[in-house]
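For reference, the structure is listed below as structure tokens.
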Amino acid sequence: MFEQQQRRLEGQIRALLEEAGVPLPEQLNFTDLPFKGTWGFALPMFPLAAAERRSGKPVRVPQRAQELAEYVAQHLQLPEGFQRVEAVKGYLNLYLDPGYFSRFVVDRVIEEGPRYGHHPPRGQRVMVEFSQPNTHKALHVGHLRGTILGDVVARMLQAAGYEVIRANYLGDIGLHVIKWLWNYIKFHNGEEPPPGVDKARWVSDLYVEANKRLEEHPEWEAEVRELFLRWDRGDPELRALWEKTRQWSLEGFEHIYRTLNITFDRVYYESEVEESGKRFVQELIEKGIAQDQRPDGPVVVDLDRLLGLEETYRAFVVLRSDGTSLYSTKDLALAVQKFQEYPDLARSIYVVDIRQSLYLQQIFKTLEVAGYPWADRLYHLAYEVVTLPGNVVLKTREGEVIFLDELIREAIQRARQIVEEKNPALDPETKEQVARAVALGSLKYTMLARENNRKVVFTWEKALSFEGVAAPYIQYAHVRARSILRKAGDQVPQALTPTHTLHPAEVELISQIARLPEKVLQAAEAYRPLTLTTHAYEMARAFNDFYKECPVLQAEPPVRDFRLRLVAAARQALANILALLNIEAPDVM
RNA sequence: GCCCCCGUAGCUCAGUGGAUAGAGCGUCUGCCUGCGGAGCAGGAGGUCGCGGGUUCGAGUCCCGCCGGGGGCUCCA
């Protein structure tokens with residue numbers, strides 16, 4: 001937000017140092033002042049002193065850095081808006097005049113409104129593929145992480161100025177679906193989910209059953225393989241059954257996405273790239289990239305051999321020995337199709353769990369070897385999995401899962417109790433809305449407030465606790481701000497420069513609000529929602545401290561007017577960052 | 001065997017190469033006749049896994065160990 005001011009200062013500092021004969025680096029890097037309740041930048045002078053020493057001057061770096069800082073501090077003409085300058089321990093500290101710049105920040109936030117924190121379009125398009133559930137299975141907590149992560153990454157990239165295509169890729173065909181169909185035909189033919197029973201759940205239970213049966217009777221595997229071949233021949237009856245049953249799952253997905261407030265611009269289905277995938281593999285064989293070992297073995301791309309490497313990309317299986325498709329068969333074709341539809345994609349991001357790192361590298365490398373110029377624009381955004389305590393991985397196949405719909409239901413139920421306890425006066429409808437906002441917000445925040453490549457261990461206790469660094473803390477700050485504004489009649493005073501000496505809590509709040517745009521950029525570039533969850537907490541904390549320390553409505557008119565505007569700006573900033581995290585900002589709770 | 005990820009307070013985790021390593025939970029102590037206490041303030045609690053290296057400066061970068069997890073020919 002202060003690039004302009006920094007650039008002007010940098011010009012002056014460079015001139016001063018040049019005059020003194022100090023060799024200058026290409027860039028001077030400012031940092032924020034590390035002292036709470038202060039506002040400004042610091043310039044470490046160590047790199048300059050170090051450069052001098054490297055050029056042969058016998059100086060002691062820390063000492064020389066301090067000398068340089070003092071020299072600059074003494075001769076610097078502070079531009080308007082700067083309060084003071086000091087040289088401490090080799091740092092040049094530049095303090096902003098909070099009165100002067102607070103108006104700058106507050107005015108901008110109020111003027112930009114919901115756009116504050118967003119950046120201008122950069123004319124680049126990216127695709128984010130995420131969620132990727134399989135039909136005929138249920139969604140569980142594990143899916144929640146990738147789904148929320150992808151959604152928020154898409155939101156952040158959009159805020160950073162990219163045009164984003166939000167894509168989903170549904171696993172509606174594959175061995176798991178064939179297994180399900182086999183079990184259905186053999187043991188449940190003609191059945192439908194009973195009325196009143198959750199269809200997706202009913203479908204999922206049959207999947208668990210199918211795996212159990214096959215485990216107990218391995219001899220039935222042959223029937224499953226036979227069914228897969230029947231599928232491949234395009235058997236109309238089988239296809240009709242598939243279409244009907246897959247719909248039961250799709251309805252379940254639909255419902256969850258609506259609950260999570262997540263939408264997609266383009267939904268791909270594995271079934272739609274199955275045939276093109278096989279053709280693609282055939283081309284690979286003809287080009288000599290893939291080796292056809294059928295009927296004794298699968299079709300394989302031996303990447304290490306092709307690239308003259310050892311034990312790096314390994315060999316990559318792209319088609320079964322019986323000619324049926326694999327995940328890889330379809331993923332190759334899908335990548336091609338994406339770039340046919342959107343040739344100008346600057347990046348195609350795959351939000352997929354970290355266990356598939358090698359697999360995706362194999363996909364990318366195969367496409368590179370096949371000569372696709374966009375292969376280097378494919379990017380795997382890897383995230384660690386959600387486990388149960390004791391490093392127990394969730395497995396739909398064995399039915400050892402926390403179902404997503406169940407988790408959401410429980411979380412809302414728990415939130416209802418807490419709303420009842422904290423704010424019994426609310427009307428029932430509002431209570432319900434608040435419970436949903438708090439419950440869903442908490443689940444999302446928990447999934448996002450962790451480094452992408454670190455595990456999340458799921459426990460009911462933690463999932464249903466809304467305390468500490470969590471969504472409700474931030475939502476509560478928003479509610480408090482909203483409450484003050486409501487009491488002021490929702491009238492935000494005209495823009496004004498504060499005439500009072502700002503309280504440290506005010507300074508801290510303003511400087512946190514001012515950081516939002518750069519945090520958004522930082523988060524988007526690293527695909528890291530954690531940057532934003534942390535900043536959301538920092539802003540909320542600064543607001544709660546301000547709330548405690550600085551009376552607004554009872555203050556004298558000029559102070560009151562400025563603080564009302566500050567509250568309005570803080571509320572807006574909190575609402576905006578919550579929106580980026582796809583978390584609701586309630587008015588009451 | 002090869003490759004990838006993770007080791008920071010009792011627990012769960014933050015920490016663009018920069019100043020005295022910070023939060024939450026738990027624990028101990030305070031603060032509601034000032035705008036909503038789902039809040040605020042304070043105490044106790046650290047050889048940042050170990051050993052080298054790079055650097056003016058390393059929790060952060062590089063190398064090697066140790067410990068935990070994951071992946072590596074027909075699951076997705």
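Residue numbers start from 1 in every chain, and the chains themselves are labelled A, B, ... in the order their sequence lines are given, proteins ahead of strands. Keep in mind the model is a prediction, meaning the values are calculated, not measured.
With C1' as the reference atom, B:C11 and B:C5 are 22 Å apart, rounded to whole Å. Taking the C1' atoms as reference points, B:G59 lies 12 Å from B:G7, given to the whole Å. Comparing B:G24 with B:A41, their P atoms are spaced 9 Å from each other, to the whole Å. Distance check on atom C1': B:G45 versus B:U29 gives 16 Å, rounded to whole Å. Taking atom C1' on both B:G69 and B:U73, the two are 24 Å apart, rounded to the nearest angstrom. For B:U8 and B:A14, the C1' atoms lie 10 Å apart once the distance is rounded to whole Å. With both ends at atom P, the span from B:U54 to B:C63 equals 15 Å, rounded to whole Å. Nucleotides B:G1 and B:C61, compared at atom C1', are 28 Å apart to the nearest Å.
Applying the side-chain hydrogen bond (donor to acceptor under 3.5 Å, both in side chains) test to residues at least two apart or on different chains, the pairs with a partner in residues 518-527 of chain A are A:Arg347-A:Tyr527.
Using a 4.0 Å heavy-atom distance criterion, A:Ser321 is classed as a base contact. No engagement by A:Gln132 is indicated, since no non-hydrogen atom pair under 4.0 Å with the nucleic acid exists. Residue-level contact check: A:Val318 touches neither bases nor backbone, having no heavy atom under 4.0 Å from any strand. Residue A:Arg53 is classed as a sugar-phosphate contact, given heavy-atom separations below 4.0 Å to backbone atoms only.
In summary, contact between chain A and RNA chain B, defined as any nucleotide atom under 4.0 Å from a heavy atom of the protein, begins and ends at B:G1 to B:A76 in the 5' to 3' direction.
Where A:Arg528 and A:Tyr547 meet RNA chain B, the nucleotide closest to each residue was compared, and A:Arg528 sits on the side nearer the 5' end.
More than 12 heavy atoms of other residues, nucleotides or ligands shown are found within 6.0 angstrom of CZ on A:Arg64. At most 12 non-hydrogen atoms from other residues, nucleotides or ligands lie less than 6.0 angstrom from CZ of A:Arg60.
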Determine, step by step, whether A:Leu303 and A:Leu309 satisfy the side chain to side chain contact (heavy atoms under 4.5 Å, CB included) criterion, reporting the C-alpha distance in whole Å, the side-chain angles of both residues, the deciding distance to 0.1 Å, and the verdict. CA-CA 8 Å; A:Leu303 283 163; A:Leu309 298 168; over 6 Å; no
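Note: A:Tyr327 and A:Tyr169 have parallel aromatic rings, judged against thresholds of 30 and 60 degrees for the angle between ring planes. Using the six-membered ring where Trp is involved, A:Phe458 and A:Trp460 have ring planes that are perpendicular, over 60° apart on the 30 and 60° scheme.
An anti base is found at B:C61: its glycosidic angle is more than 90° from 0.
No side-chain heavy atom of A:Lys137 sits less than 4.5 Å from a side-chain heavy atom of A:Ser249.
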Give the dot-bracket line for RNA chain B from 5' end to 3' end: parentheses for intra-strand Watson-Crick or G-U pairs under 3.5 Å, square brackets for crossings, | for inter-strand pairing, dots for unpaired. (((((((..((((....[...)))).(((((.......))))).....(((((..]....))))))))))))....
